[in-house]
Amino acid sequence: MMLGSDMRVVVLTGAGISAESGIRTFRANDGVWENHRIEDVATPFAWERDPRLVWRFYQGRRRQLLDVNPNSAHEALVSLESYLDEFLLITQNVDDLHSRAGSEKLIHMHGELRKLRCEMCGEIIDAMDDEHLQDQYVKCVQCTNERLRPHIVWFHEMPLRMDEIYDAVGECDVFIAIGTSGHVYPAAGLLSIAKDTGAHCIGINLDPPENVILFDEFHQGLAGELVPALVTKWMSE
Ligand code: OAD
């Protein structure tokens, strides 16, 4: 594929792009954490019923961010962004590896582990200091709430900034999905929207995802190897 710098490109990433940085994908380990199904921990009902359990799960994942680094696939997407006039990176990942690599035109549709949110006053804080990463709850600095929640979109909640996402996907020339199993909607449905708008659709994944037949090109393998190689090729053809 020739990629002109005036082409509108949307990239959707999932857990697979961070796997080589050492963050487990959702469906690795059959989606189980300490005998709990991830779906049972990542819901507003779980937070209501057993906030300690949910807090412990997310504090572990938040602390893990201190031990991991962006990999060559995250870095290649930064080069792609700087080459293109119109670009949007949509990630389902809640880690901060895309922004630490240097991506700027970036939407975290499922929220961000780095941040905590007050359900009483709406305050959102970047909370990665030592005091925020302990086992005890973090209090709101703006109101009387004793227990901020992870700024994460849980199952049964609406992903963030969907209007901007639908606008960009509905107008793109090229749509690239990387490291996502295509199981979770609405993210998984973005591919068919791109396809309907006539975009050239490219998939990069270790295993063929659910919706593999919709891709015009599918590259099977490790994101850390394929993404840098393909980005270099697209920018030089
Ligand atoms: P999944 O865990 O469902 O899928 C990850 C995909 O990445 C799988 O298809 C793997 O084959 C692939 N993969 C693994 N390692 C890879 C590598 N090194 N290179 C390339 N591909 C690799 O993760 P997501 O599709 O991101 O939602 O899951 C989507 C959403 O489901 C998540 O955002 C989360 C989850 O429940 C919420 O938290 C709302």
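Along the sequence shown, the residues carry numbers beginning at 1. Note that the structure is predicted; figures quoted are calculated from it, not measured. In listed order, ligands and their atoms are each counted from 1.
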S.K.: My understanding is that only one of Asp85, Asp173, Val174 makes a side chain to side chain contact (heavy atoms under 4.5 Å, CB included) with Val9; could you say which?
M.R.: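 Only one of Asp85, Asp173, Val174 forms a side chain to side chain contact (heavy atoms under 4.5 Å, CB included) with Val9, namely Val174.
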
S.K.: Does Leu222 reach ligand 1 with a nitrogen or oxygen that is under 3.5 Å from one of the ligand's nitrogen or oxygen atoms?
M.R.: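 No; every N/O pair is 3.5 Å or more apart.
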
S.K.: Any nitrogen or oxygen of His183 lying under 3.5 Å from a nitrogen or oxygen in ligand 1? Just yes or no.
M.R.: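 So ligand 1 has no N or O lying under 3.5 Å from an N or O of His183.
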
S.K.: Would you mind finding which of Thr43, Ile152, Leu206, Ile38 brings a heavy atom closest to atom 21 (N) of ligand 1?
M.R.: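 Shortest heavy-atom distance from atom 21 (N) of ligand 1: Leu206.
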
S.K.: Is it true that Glu217 and Lys233 have a side-chain N and a carboxylate O under 4.0 angstrom from each other?
M.R.: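 No.
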
S.K.: Which option out of Ala19, Gly221, Pro209, Ala73 puts a heavy atom nearest to atom 15 (N) of ligand 1?
M.R.: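 Minimum heavy-atom distance to atom 15 (N) of ligand 1 goes to Ala19.
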
S.K.: I need the atoms of ligand 1 closer than 4.0 Å to a non-hydrogen atom of Gly14, numbered in the order shown.
M.R.: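 The atoms of ligand 1 under 4.0 Å from a heavy atom of Gly14 are 26 (O).
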
S.K.: Can you name the atoms of ligand 1, numbered from 1 with element, that are less than 4.0 Å from a heavy atom of Glu20?
M.R.: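 The atoms of ligand 1 under 4.0 Å from a heavy atom of Glu20 are 17 (C), 18 (N), 19 (N).
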
S.K.: Provide the number and element of each atom of ligand 1 under 4.0 Å from a heavy atom of Phe155.
M.R.: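 Close to Phe155: 36 (O).
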
S.K.: Pull out every atom of ligand 1 sitting under 4.0 Å from any heavy atom of Ala15, numbered as shown with elements.
M.R.: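 So the atoms of ligand 1 that pass are 23 (O), 24 (P), 26 (O).
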
S.K.: How far is atom 33 (O) of ligand 1 from its nearest protein heavy atom, and which residue and atom name does that atom have?
M.R.: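 Sorting protein heavy atoms by distance from atom 33 (O) of ligand 1 puts His110 ND1, 2.8 Å first.
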
S.K.: With respect to atom 20 (C) of ligand 1, which of Ala187, Gly224, Ala223 exhibits the smallest heavy-atom separation?
M.R.: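 Considering heavy atoms of Ala187, Gly224, Ala223, the nearest to atom 20 (C) of ligand 1 sits in Ala223.
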
S.K.: Ring-plane angle category for His98 and His74, please: parallel below 30°, perpendicular beyond 60°, tilted otherwise.
M.R.: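 Ring orientation, 0 to 90° scale: perpendicular.
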
S.K.: Nearest 0.5 Å, please: how far is CG in Leu222 from NE2 in His219?
M.R.: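 Answer rounded to 0.5 Å: 14.5 Å.
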
S.K.: Is any N or O atom of Trp154, backbone or side chain, closer than 3.5 Å to an N or O atom of ligand 1?
M.R.: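 No, Trp154 has no N/O under 3.5 Å of an N/O on ligand 1.
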
S.K.: Please evaluate residues Tyr166 and Leu190 with respect to the criterion side-chain contact (heavy atoms from CB on, under 4.5 Å), reporting the C-alpha separation (whole Å), side-chain torsions for both, the decisive distance (0.1 Å), and the verdict.
M.R.: CA-CA 8 Å; Tyr166 286 132; Leu190 297 177; 3.8 Å; yes

S.K.: Can you list the atoms of ligand 1 that are under 4.0 Å from a heavy atom of Asn205?
M.R.: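 Listed by number with element: 6 (C), 7 (O), 8 (C), 9 (O), 10 (C), 11 (O), 12 (C), 21 (N).
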
S.K.: For Gly179, counting its heavy atoms only, list the atoms of ligand 1 lying under 4.0 Å from any of them.
M.R.: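 Near Gly179, the atoms of ligand 1 are 5 (C), 6 (C), 7 (O), 21 (N).
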
S.K.: Compute whether any side-chain donor of one residue and acceptor of the other, for Gln59 and Arg56, lie under 3.5 angstrom apart.
M.R.: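 The answer is no; no qualifying pair exists.
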
S.K.: Would the distance check show the side chain of Tyr137 and the main-chain N or O of Arg52 forming a donor-acceptor pair, the cut-off being under 3.5 Å?
M.R.: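 Flag set: sc Tyr137 to bb Arg52 pair under 3.5 Å.
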
S.K.: Keeping the roles fixed (side chain from Thr91, backbone from His108), state whether a donor-acceptor pair exists under 3.5 Å.
M.R.: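 No: the side chain of Thr91 does not pair with the backbone of His108.
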
S.K.: Quick one: which ligand 1 atoms are inside 4.0 Å of a heavy atom on Asp207?
M.R.: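 That gives atoms 10 (C), 11 (O) of ligand 1.
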
S.K.: If Ile, Leu, Val, Met, Phe, Trp and Tyr residues are connected whenever their side-chain heavy atoms lie under 4.5 Å apart, and connections chain through other members, are Ile17 and Met109 in the same group?
M.R.: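 No: no chain of side-chain contacts under 4.5 Å links Ile17 to Met109.
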
